[in-house]
Number of protein chains: 2
Amino acid sequence: MTPPRSSPQARSPARLSRDVLIDACIRIADREGPEAVTMRRLGAELGVDATAVYRHFRDKDELVAATADRLLTDAFDSTTFTGDWRRDIRSAVLTVRRAYVAHPRIALMVLSATSPMPNEARVSEATLGIIRRLGLPDRDAVLAFEVLEAYTVAVSCMDGMGSSGSDAWRLEYAALPPTTFPNLTATATMLYADPDERFEFGLDLMLDAIERLVDRHADEA
Amino acid sequence: MTPPRSSPQARSPARLSRDVLIDACIRIADREGPEAVTMRRLGAELGVDATAVYRHFRDKDELVAATADRLLTDAFDSTTFTGDWRRDIRSAVLTVRRAYVAHPRIALMVLSATSPMPNEARVSEATLGIIRRLGLPDRDAVLAFEVLEAYTVAVSCMDGMGSSGSDAWRLEYAALPPTTFPNLTATATMLYADPDERFEFGLDLMLDAIERLVDRHADEA
DNA sequence: ACCTGAACACCGTTCAAGT
DNA sequence: ACCTGAACACCGTTCAAGT
C-alpha cells in the first residue's frame, strides 16, 4: 500500500516492464492454465489497468512470443554439451521438449510468430552446428536439422495440449467392434501408453537413420 | 426468398442439419480463414440465427471436431492400397498431411478433442494394420504407428499454420552476425526452403529406420 | 420440433484524458 | 513518460419466448 520508504518521489518507481509482464504471464499460465492469460487478468495480477500492457508490447502476440522465448532461454541455458553428437542432440532436443510440453499453448504461439525469436536462433545454431560437423552434404545436414526441429516443436506442443492419446482414447479403442477394427482392438492395452516413450522412440528412429546416412557418405569418400 | 414450390406447408423443409453446418464451416474457413468461423458468421451464411447451431451441436468444439473428421473422410476415401507397405504408408500419411495442411486450425482442434473421431479410427486401423503385418513385436509396431501418426498430424498442422520457416525467416537468419551464428548464416540460403520436402525427408528417415528394425528382427528369428 | 432474440459474461484494442 | 478508464467491436453461450 505505502511506497518503499527509500523512494521519496512517487509510489512506484517502475511498476511495469517487459520482464515483469513476461513473469506474470508464466505465473498465470502455470497456476490457471494458458487460456487464463488475458490482458485484464494480467492487469489484475500486477495491480494495473489492463491496457497498460500496450506501453510495453505492441499487442498480445508480441507479449506471448516474448514469453515463449523466455521459456527457451531457461531451457537451453541448463544444457551442457559433451562432444558426443548423438548425446548432445538428444539432450538439446529433450530439453526443448520439456519446455514445450510444460507450456504448449504458449509454445504454439511461437509457431505463428512472424519472425524467429532471439533464443530460437541460439538453439538452432547449436543444433545445426552439431549436425553439420558430421560431414554430410550441407543440403542433407540442413534437412536433418529442420526435421528434428519440426518434430520436436510440433509433437511436444501436441503432447502438451493434449487429451490426444490418453486413457480415455485407449478405452474407446478397446470398445470398438473387433471384426472391423482387429488391429486397434488387439493392441488397445498398449496404445498411447507414454508420450515421452513415443517421442524418444521416434527421435531414435531418426537419429539411427541419420547415422546411417553419415556412414554411407563416409564410405563413398 | 420464396419457398420451393413443391413444398406446400412451410418455407423451409429442413434448413439446418449437422451436414449443412459442417459444409458451411469448411466453406467459410476456405474463403476467409479459420478464425472467421464464428457462430454469428455461420448463422449469417445460412440465413439463420447464430444460436440455432446449438440445436444440432452441443457447443462449438463439437462442431469443429465433426468438421475435422469430415476432412479426414474425404482424404482417406481417396487413397488406394497396393500391398507394398512402404508405398501404402507413404500415401496414407501424405493424404492425411494434405488435409491437415489445408485446414490446420480445424485440424488443431481435433488434438484437443476428448475422444477420437470415427474416421480417425478408420485411418489408424489401416495404418496400424500395415505396420503390424511387418512382423515386428507388437510393442515396436504400436510405437512405430504412434510416432508416424504424431509426426504427421503435428508437423502438418504446424506447416499449415504457418509463417514458421518462410522467406522472412530465411532473410532474418541470413542477417545474423556470422561470428556468433556461423552455421545459420552459412546455410541461410537453403534453410526452410520447402516444408513438403522437409516432411518427406523426415518420413523417409523414419521408414528407413523401421525397415532396418524389421530386417534385424527377421535375422534373429 | 425447431428457431429467434435479448441478454450475459467475457475478449483484444483504441484513444483521449489524467498525473 | 507512463498509466487510466471509458468505449468499441467483437466473442460463445443461456434461456425464455415464439411458431
Side-chain angles (χ1 to χ4, degrees), chain A residues 1-4 7-25 28-29 32-68 105-106 108-110 112-114, chain B residues 1-4 7-25 28-29 31-68 105-106 108-109 112-114:
Chain A
M1 285 307 168
T2 50
S7 155
Q9 67 275 44
R11 64 160 158 264
S12 45
R15 300 163 79 174
L16 244 46
S17 70
R18 291 175 70 97
D19 276 331
V20 167
L21 284 163
I22 291 171
D23 287 340
C25 269
I28 295 171
E32 305 166 37
E35 72 283 349
V37 179
T38 274
M39 300 310 238
R40 283 165 176 87
R41 180 73 191 74
L42 211 47
E45 174 82 11
L46 298 170
V48 127
D49 192 272
T51 62
V53 181
Y54 290 87
R55 293 292 123 206
H56 302 89
F57 293 96
R58 192 155 38 78
D59 55 21
K60 200 189 178 185
D61 275 7
E62 203 192 74
L63 167 61
V64 175
T67 306
R105 283 300 217 315
I106 292 176
L108 201 63
M109 306 215 59
V110 196
S112 39
T114 45
Chain B
M1 284 307 168
T2 50
S7 157
Q9 67 274 45
R11 62 159 159 266
S12 44
R15 301 163 79 174
L16 245 45
S17 69
R18 289 175 71 97
D19 276 331
V20 168
L21 284 163
I22 291 171
D23 286 340
C25 269
I28 295 172
R31 268 201 318 248
E32 306 167 36
E35 71 284 349
V37 178
T38 273
M39 300 310 241
R40 283 165 175 86
R41 180 73 191 75
L42 211 47
E45 174 81 12
L46 298 171
V48 127
D49 190 272
T51 61
V53 180
Y54 291 87
R55 292 293 122 205
H56 300 89
F57 293 96
R58 192 156 36 80
D59 54 22
K60 201 190 178 187
D61 275 7
E62 202 192 77
L63 167 61
V64 174
T67 306
R105 282 304 218 311
I106 292 175
L108 201 62
M109 305 214 61
S112 38
T114 45

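Order of the sequence lines sets the chain letters (A, B, ...), proteins ahead of strands, with each chain counted from 1.
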Task: N/O donor-acceptor pair under 3.5 Å between Arg18(A) side chain and His56(A) backbone - done: yes

Open item on the list: How close do Leu16(B) and Ala52(B) get, counting heavy atoms only, and between which atoms?
Closed with: CD2-CB, 3.8 Å

TODO: Give the B/S/- string for nucleotides 6-19 of chain C, one per nucleotide from 5' to 3', where a protein heavy atom under 4.0 Å of the base yields B, of only the sugar-phosphate yields S, and otherwise -.
DONE: BB---BBBB-----

Open item on the list: Dot-bracket, 5' to 3', for DNA chain D please: Watson-Crick or G-U pairs under 3.5 Å, [ ] where pairs cross earlier ones, | where the partner sits on another strand, dots elsewhere.
Closed with: ||.|||||...|||||.||

- [ ] Measure from the side-chain N and O atoms of Lys60(B) to the backbone N and O of Val37(B), and report whether any donor-acceptor pair falls under 3.5 Å.
- [x] yes

Pairs of donor and acceptor atoms involving the side chains of residues 39-46 of chain A, under 3.5 Å and at least two apart or interchain, shall be tabulated with distances.
| unit_1 | atom_1 | unit_2 | atom_2 | d |
| --- | --- | --- | --- | --- |
| Arg41(A) | NE | Glu32(A) | OE1 | 3.2 |
| Arg41(A) | NE | Glu32(A) | OE2 | 3.3 |
| Arg41(A) | NH1 | Glu45(A) | OE1 | 3.4 |
| Arg41(A) | NH2 | Glu32(A) | OE2 | 2.6 |
| Arg41(A) | NH2 | Glu45(A) | OE1 | 3.3 |
| Glu45(A) | OE1 | Arg31(A) | NH2 | 2.9 |
| Glu45(A) | OE2 | Arg27(A) | NE | 3.0 |
| Glu45(A) | OE2 | Arg27(A) | NH2 | 3.2 |
| Glu45(A) | OE2 | Arg31(A) | NH2 | 3.3 |

Open item on the list: Measuring from atom CD1 of Ile22(A) to atom OG of Ser17(A), what distance do you get when rounded to the nearest 0.5 angstrom?
Closed with: 8.0 Å

TODO: Indicate yes or no for a side-chain donor-acceptor contact from Asp59(B) to the backbone of Glu62(B) under 3.5 Å, with no hydrogens or angles considered.
DONE: yes

Task: Gap between atom CG of Leu21(B) and atom CG of Leu63(B) - 0.5 Å precision - done: 6.5 Å

TODO: Could you walk me through whether Thr51(B) and Asp49(B) pass the side-chain hydrogen bond (donor to acceptor under 3.5 Å, both in side chains) test, one step at a time?
DONE: CA-CA 5 Å; Thr51(B) 61; Asp49(B) 190 272; 2.7 Å; yes

TODO: Round to the nearest Å and state the distance from His56(A) atom NE2 to dC3(D) atom C1'.
DONE: 10 Å

